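Here is the structure we will look at, set down as structure tokens.
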There are 2 protein chains.
Amino acid sequence: MAVTAAERGRDVRRRLLTAAAELIPEVGWNSVSTRLLAQRAGVAPGLVHYHFPSLAVLLREAAVGVMREVVLATAPGLATAETVDAGLDLMLASLDAYTGTDPTSLLFIETYLAATRDENLRTELAGLVEEFRDALRSWLAEHGQDDHHQVAAVLAAAIDGVMLHRALHPELTSPAVFPVLRRMLAPGTANR
Amino acid sequence: MAVTAAERGRDVRRRLLTAAAELIPEVGWNSVSTRLLAQRAGVAPGLVHYHFPSLAVLLREAAVGVMREVVLATAPGLATAETVDAGLDLMLASLDAYTGTDPTSLLFIETYLAATRDENLRTELAGLVEEFRDALRSWLAEHGQDDHHQVAAVLAAAIDGVMLHRALHPELTSPAVFPVLRRMLAPGTANR
DNA sequence: ATTCGCCTTGGGCGAATGACCAATATGTAG
DNA sequence: CTACATATTGGTCATTCGCCCAAGGCGAAT
């Protein structure tokens, strides 16, 4: 039993963050209460305000943490893409995993919205979008895109827009999106 | 005083809808309470549940009403655009009015999110997006776009995505977006 | 064995919520 | 004038909320 109190504490903190990441998509950002959170994490209600100064801080850390993981998971694949087509294909393929109604998609939408009412969250989210744009920029520059700055910004926005619309019209999948978005990019080596 | 009770009733109903359209962006969909709504509309709290079966129904009717007005306001201009560039320019110009943090943008984002948790709202919203796509489709077809179905869907999504990202990065305005989105469309007559 | 520090418990506070309702007002119809 | 329908009032109900806290638990250090 080498588990110290501090280690158990860190575990509870992590469980609370995990529970938040689950509950935000399930019931919505504003309906994640301290009691619901504690129940899902399997801890006493009072622990929420022991490990976190407020519910808002907890939710922020949980949401941004998950989103950062998702974004960073896509970046390395882009960097090693041989052609523009391969890179775009890869991105849209991973986007297909997000149907607009799955937990991850909902977490994204919920967080975007919550950011409109939380200055700190908005700043963190802006930084995350900037990281994603950076990954897109270097990938595009690698393949001779001249206005990669603008293209990266629009492409990042378009991808989030597709995710948003996919919740309403599920048929908006990568085969339908690819040829249109492809035209935004430099000709590259081949046209699918 | 020819104002009948029924007329006053209809006026109260309308005032409640207007108040809802104001408050949803101000405080957020889930924080629009019956009392706050009644206060803004200048009526007694009990009237909310007299004119509407539930708060959810009121919010739905108010939000979709405003969104439909916004969408339908853009459509006729598109139909009379002489060139592809003129049409896209027009759309992006009207999009510039929505900074991502203004009431209308927030209403859109709030409603998209609320739709993920409200079956009826999702259906109404899907229909609205379909109307917007239709306007885009006929505009594109008019100018020789062959895959106007797919382009309209992606363009509609991209526009919403730009609005979403603009809340985080305000510099994503029409001059930056135009040249990139322009490439998604058929060559048309001129390149800006 | 005692002290120390971190973690945990469960309950309680005031405030706000959606929905509901009996009572009242006000205009129309018989 | 009397009945009636609709609109309105102001308050009550049970429930839930975020946050707080006194008290207890427990391994580590002395």
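The chains referred to below are lettered A, B, ... by the order of the sequence lines, with proteins before strands, and numbering in each begins at 1. Computed from a predicted model, the values in this text were never measured in an experiment.
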*Pair B:Asp11-B:Arg15, salt bridge (Lys or Arg N to Asp or Glu O under 4.0 Å): steps then yes or no*: CA-CA 6 Å; B:Asp11 181 57; B:Arg15 288 226 304 279; 2.8 Å; yes
*Taking CH2 from A:Trp29 and P from D:dG18, how many angstroms apart are they, rounded to a whole number?*
13 Å
*Atom CD of A:Glu131 with >12 non-hydrogen neighbours under 6.0 angstrom*: yes
*Provide, to the nearest angstrom, the distance between the CZ atom belonging to B:Phe52 and the P atom belonging to D:dA7.*
12 Å
*For DNA chain C, which residues in residues 53-62 of chain B have a heavy atom at a distance below 4.0 Å?*
B:Ser54, B:Leu55
*Inspect the contact between A:Arg137 and A:Asp147 and indicate whether a charged nitrogen and a carboxylate oxygen are less than 4.0 angstrom apart.*
no
_Do A:Leu128 and A:Leu164 land in one hydrophobic cluster if side-chain heavy atoms of ILVMFWY residues count as linked below 4.5 Å?_
yes
*Give the rounded distance in Å between these two atoms: CG of B:Leu23 and C1' of C:dG18.*
16 Å
_Can you list, in residue-number order, the parts of residues 33-50 of chain A that come under 4.0 Å of DNA chain C, counting heavy atoms only?_
A:Arg35, A:Ala44, A:Gly46, A:Leu47, A:Tyr50
*So does B:Glu171 have more than 12 non-hydrogen atoms from other groups sitting under 6.0 Å from CD?*
yes
*asked:* At less than 4.0 Å, is any side-chain N or O atom of B:His51 found next to OP1 or OP2 of D:dT8? Yes or no.
replied: yes
*To the nearest Å, how far apart are B:Arg14 CZ and D:dA7 P?*
14 Å
_Can you tell me how far apart CG (B:Leu17) and NE2 (B:His51) are? Round to the nearest 0.5 Å._
10.0 Å
*Starting at atom CG of B:Leu16, determine the distance to atom P of C:dG18, rounded to an integer number of angstrom.*
13 Å
_For A:Arg35, all residues meeting salt bridge (Lys or Arg N to Asp or Glu O under 4.0 Å), sequence neighbours excluded_ = none
*Rounded to the nearest 0.5 Å, how far does CZ of A:Phe178 lie from OG1 of A:Thr173?*
13.0 Å
